[in-house]
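First up is the structure itself, then whatever we jot down about it.
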Amino acid sequence: MPRERFTPFDFGLPRLAGDFHQDWGYVGEAGDVALESFGDSAGAAALEYDVSLLIVSALSDSQIELLWGAATAENYRFEPNESGRDLLRRFQMVARDWQRAHGSIRPEGADPEWGSPELRERVLRAVGAAPLSMGLREVLDVCARTVSVELAFRLLLRLYAAGSHPVAPAVWTEYQEINTAFALGEYVVGAIEYLVEEKHQ
């Protein structure tokens with residue numbers, strides 16, 4: 001029986017990316033958007049966990065910048081002297097400071113079943129077939145192989161939503177099954193349901 005996650009909604013870095021809409025600047029700085037995004041200790045721990053994985057990953061700063069730009073629908077523009085890891089470290093600091101002030105919990109780690117060869121291969125196939133640029137597919141491929149296959153899947157869903165990419169019915173069925181395998185809430189994969197194409201009679 002798959003374990004239950006702490007929320008039926010999206011969380012962590014993909015959730016934060018979705019909060020960088022066109023008017024995010026009215027909220028304040030990037031760190032202020034992060035504060036509004038996670039909301040509680042579990043959310044802060046989830047964000048810290050995601051960004052910490054990417055900070056120490058094999059991804060280059062330029063790859064992180066490419067990923068973040070696409071995940072925010074290009075609503076976030078990096079400053080000339082700001083790197084992808086600089087931004088992630090800022091999010092990491094905000095999440096840690098919030099937990100110091102309001103209490104912390106142990107972030108959810110990866111379930112051993114999530115690293116199964118079969119599930120990893122399903123995510124890699126989904127990444128390889130996604131209607132994304134080669135650069136973004138490479139980023140997600142590296143993430144799935146060497147960082148976290150579960151995070152790679154959540155980021156894949158976020159990129160679909162940010163880019164409004166159509167989802168074929170068969171792909172939608174596969175994503176729902178992967179979502180269940182990762183014990184993610186219905187609203188995580190449900191965020192792209194509006195993009196599912198109608199079946200042709």
Side-chain contact test, heavy atoms from C-beta onward, threshold under 4.5 Å: evaluate it for Tyr160 versus Leu132 and give yes or no.
no
Answer with yes or no after comparing the ring centroid distance for Phe91 and Trp68 against a 6.0 Å cut-off, counting only values under it.
yes
Going from CG on Asp86 to CZ on Phe78, what distance comes out if it is rounded to the nearest 0.5 angstrom?
9.0 Å
Stepwise side-chain contact (heavy atoms from CB on, under 4.5 Å) check, Ser164 with Tyr194
CA-CA 9 Å; Ser164 296; Tyr194 75 100; 4.1 Å; yes
At their closest point, which heavy atom of Ala71 faces which heavy atom of Ala162, and how far apart are they?
O-CB, 3.6 Å
Closest non-hydrogen atom pair between Ala34 and Leu16, with its separation:
CA-CD1, 3.6 Å
Below 4.5 Å, heavy atoms only, C-beta onward: do Ser37 and Leu47 meet side chain to side chain?
no
Less than 4.0 Å between a side-chain N and a carboxylate O, is that true for Glu150 and Arg120?
no
Between Gly12 and Asp50, the two heavy atoms sitting closest are CA-OD2, 3.3 Å
Nearest heavy-atom contact between Ala130 and Leu156 is CB-CD1, 3.8 Å
When you check the gap from the basic side-chain N to the acidic O, do Asp10 and Arg158 get nearer than 4.0 Å?
no
Looking at Arg145 and Asp141, is any side-chain nitrogen of the basic one under 4.0 Å from a carboxylate oxygen of the acidic one?
yes
Any Gln176 side-chain heavy atom under 4.5 Å of Glu186 side chain:
no
Taking only Lys NZ, Arg NE, NH1 and NH2, and the carboxylate oxygens of Asp or Glu, determine whether Arg15 and Asp19 approach each other closer than 4.0 Å.
yes
What I'd like to find out is whether the side chain of Phe38 reaches to under 4.5 Å of the side chain of Phe11, using heavy atoms alone.
no
For Gln92, run the side-chain contact (heavy atoms from CB on, under 4.5 Å) check against Val51, Leu54, Leu87 and tell me which one passes.
Val51
Hey, is the main chain of Thr72 close enough, under 3.5 Å, to the side chain of Asn75 for a donor-acceptor pair?
yes
Within one Ile-Leu-Val-Met-Phe-Trp-Tyr cluster: Val139 and Ile55, side-chain cutoff 4.5 Å
yes
Quick one, Leu67 and Leu159 - any side-chain contact, counting heavy atoms below 4.5 Å?
yes
Membership question, hydrophobic clusters at under 4.5 Å side-chain separation (ILVMFWY): are Leu155 and Tyr76 in the same one?
yes
When hydrophobic residues are tied together by side-chain contacts of less than 4.5 Å, even through go-betweens, does Leu35 share a cluster with Leu88?
yes
If you measure from CD1 on Ile178 to CZ on Arg154, what distance do you get to the nearest 0.5 Å?
14.0 Å
In this structure, CD of Glu65 is separated from OG of Ser60 (nearest 0.5 Å) by 8.0 Å
Give me the atom names and distance for the closest heavy-atom approach of Glu48 to Ala95.
CB-CB, 4.0 Å
What's the separation between atom CG in Leu124 and atom CZ in Arg137, rounded to the nearest 0.5 Å?
13.0 Å
Is a side-chain N or O of Thr173 found less than 3.5 angstrom from the main chain of Pro169, in a donor-acceptor match?
yes
Over 12 non-hydrogen atoms of neighbours within 6.0 angstrom of CD in Glu29
no
Asp61 side chain to Ser83 main-chain N or O, any donor-acceptor pair under 3.5 Å?
no
How long is the straight-line distance from CG of Asn179 back to OH of Tyr187, given to the nearest 0.5 Å?
12.5 Å
Identify whether Phe182 and Trp172 are in the same connected component of the hydrophobic contact network (ILVMFWY, side-chain heavy atoms under 4.5 Å).
yes
Mind checking what makes salt bridge (Lys or Arg N to Asp or Glu O under 4.0 Å) contact with Glu121, not counting sequence neighbours?
none
Short side-chain to backbone donor-acceptor contact, Ser41 and Gly103, under 3.5 Å:
yes
Give the cluster check for Val127 versus Met134: same hydrophobic cluster or not, with ILVMFWY residues linked at side-chain heavy-atom distances below 4.5 Å.
no
Less than 4.5 Å apart, side chain to side chain, heavy atoms only: is that true for Val188 and Tyr175?
no
Just wondering, do Glu82 and Arg90 contact through their side chains at under 4.5 Å, heavy atoms?
yes
Which atom of Arg85 lies closest to which atom of Ile64, heavy atoms considered:
NH1-CD1, 3.6 Å
Is any side-chain heavy atom of Leu136 less than 4.5 Å from a side-chain heavy atom of Leu140?
no
Donor-acceptor pair, Glu177 side chain versus Glu174 backbone, under 3.5 Å?
no
